[in-house]
Amino acid sequence: MRTQVAIIGAGPCGLVLGAMLAKAGIDALVIERKSAAYVLGRIRAGVLEQGSVSILEQLGVQARLNAEGLPHGGFAINFAHRSLRIDLESLTDGKKVTVYGQTEVTHDLMDARAAAGLSTLYEAEDVALHDFATATPSITCTHNGQPLRIDCDFIAGCDGFHGISRASVPKTALQEFERVYPFGWLGVLADVPPCDPELIYASHERGFALCSMRSMTRSRYYIQCAIDEDLSSWSDTRFFDELRRRLDPEAAARVVTGPAIEKSVAPLRSYVAEPLRFGSLFLAGDAAHIVPPTGAKGLNLAMGDAFYLAEALREHYGERSSAGIDHYSARALERIWKAERFSWWMTSLLHKFDQHTAFETRMQAAEFSFLEQSRAARMALAENYVGLPL
Ligand code: FAS
Ligand code: PHB
């Protein structure tokens with residue numbers, strides 16, 4: 001087979017890139033290891049920045065988002081039994097975020113791709129990258145039991161943190177930056193009404209908790225847990241009891257319990273690979289970077305990378321200019337590192353670190369106290385949370 005751009009991965013990054021390239025008349029083939037059902041079964045992000053909403057509107061996939069997405073003008077931080085509302089709208093001249101699950105974003109993008117008759121190879125096995133240091137790269141894989149070779153001009157590695165793309169780059173060509181946090185998040189999805197119309201980020205001496213949602217009838221809750229937490233030891237009852245212990249009494253009293261329809265432990269890490277281009281191979285999304293979910297940046301960063309890469313490839317094919325693809329890595333990393341900083345900062349502020357000295361614990365308290373006292377501090381938080389400009 002032949003295509004202009006071979007996209008590895010049908011997560012949000014690969015699907016947004018594929019849709020943007022199609023819009024620009026650039027031929028792209030998406031190659032995905034899992035089935036579409038498996039990809040849709042992964043429960044992940046829940047908050048879209050305004051920039052991500054704009055990308056979906058540009059792609060014409062905003063119908064369900066507009067009908068079902070929940071615009072949020074603020075959220076609460078609970079700290080040391082005090083509560084502070086971050087009024088996003090007033091702190092950012094009217095910007096908001098939209099609560100709409102990554103599953104729904106992926107569903108809408110998959111449906112649009114199929115409706116446009118664009119090709120996606122699902123359940124592709126043994127995907128391998130070849131000759132991406134040259135101008136004639138290719139991908140091989142096995143699909144429906146048949147060996148396949150896809151010749152292309154460029155490869156977009158949108159295959160997530162554990163994908164094959166970054167793993168195919170010689171270690172000597174990569175500089176990696178990583179911070180692994182000494183805890184994870186235990187998440188539960190349940191068809192119960194949220195305990196609050198807005199998100200609550202709770203810092204508590206027992207550990208962090210987050211009250212989020214997917215709709216007004218479906219809640220998403222997280223509690224900080226051990227990095228190697230044994231999921232089987234967490235009954236629904238034990239989870240909700242622990243969640244309520246970490247919330248202020250009013251919010252705890254409003255928590256409606258119900259059977260978990262999904263329960264999982266996610267590790268937390270900050271990670272960036274540099275650079276993001278190796279000849280004809282570009283890395284984007286979780287293949288290039290990971291943020292702890294505290295700042296709700298992972299999904300949004302992935303969509304931002306896809307936006308930049310699509311723009312670069314559009315310049316290459318449309319204007320015969322290599323400026324965009326030559327600048328993609330530096331341009332994307334500029335925004336990636338700011339999201340890494342914000343996600344690290346929110347995580348450092350709100351989580352319980354067993355290794356913390358008394359001084360570091362006081363630093364967390366002083367940080368929160370400054371947020372309470374300084375509008376400028378709250379503006380800085382809000383500006384990052386709603387999303388830095390693309
Ligand atoms: P993805 O990982 O979503 O997609 C990569 C795709 O590539 C997958 O479909 C995979 O099957 C495929 N692939 C992998 N290897 C392949 C190969 N060899 N060949 C072909 N295909 C291959 N972000 C938030 O903002 N908030 C959250 O609460 C949040 N929670 C998360 C919980 C978990 C458990 C995880 C893992 C991530 C979470 N994230 C969260 C981050 C998450 O949303 C990512 O940022 C987002 O999925 C990134 O999208 P992609 O870059 O498309 O990567
Ligand atoms: C979620 O709803 O899954 C969610 C929301 C905000 C975060 C992280 C996760 O910061």
> Starting from Trp185, can I reach Ile77 by hopping between I/L/V/M/F/W/Y residues whose side chains sit under 4.5 Å apart?
yes

> When you compare the side chains of Thr237 and Ser235, does any donor N or O come within less than 3.5 Å of an acceptor on the partner?
no

> Please determine whether ring pair (Phe, Tyr, Trp, His ring centres under 6.0 Å) holds for the pair Tyr385 and Phe75, giving the CA-CA distance in whole Å, both sets of side-chain angles, and the decisive distance to 0.1 Å.
CA-CA 10 Å; Tyr385 195 87; Phe75 64 87; 4.4 Å; yes

> Judged by atom type as modelled, is there a donor-acceptor pair below 3.5 Å linking the side chain of Asp248 to the main-chain atoms of Glu250?
yes

> Between atom CD1 of Ile325 and atom CZ of Arg331, what is the distance when rounded to the nearest 0.5 Å?
14.0 Å

> For the residue pair Arg166 and Phe161, would you count it as a cation-pi contact if the rule is NZ or CZ under 6.0 angstrom from the ring centre and within 45 degrees of the ring axis?
yes

> Just by distance, do the side chain of Asp87 and the backbone of Ser90 share a donor-acceptor pair under 3.5 Å?
yes

> Between Asn300 and Val47, is there a donor-acceptor pair closer than 3.5 Å when you use the side chain of the first and the backbone of the second?
yes

> List in chain and number order the residues that pass side-chain hydrogen bond (donor to acceptor under 3.5 Å, both in side chains) with Tyr317, two or more places apart in sequence or in another chain; answer none if no residue qualifies.
Asp153

> Which residues pass the side chain to side chain contact (heavy atoms under 4.5 Å, CB included) test with Ser264, sequence neighbours left out?
Arg220, Glu262

> Decide yes or no on salt bridge (charged side-chain N to carboxylate O under 4.0 Å, His left out) for Asp159 and Arg33, but give the supporting numbers first.
CA-CA 9 Å; Asp159 47 348; Arg33 174 168 63 177; over 6 Å; no

> Do any N or O atoms from the side chain of Lys95 and from the backbone of Gly387 form a donor-acceptor pair under 3.5 angstrom?
no

> Output yes when a side-chain donor or acceptor of Lys23 lies under 3.5 Å from a complementary backbone atom of Gly18, and no otherwise.
no

> State, yes or no, whether a side-chain contact exists between Phe79 and Ser369 at a heavy-atom distance under 4.5 Å.
no

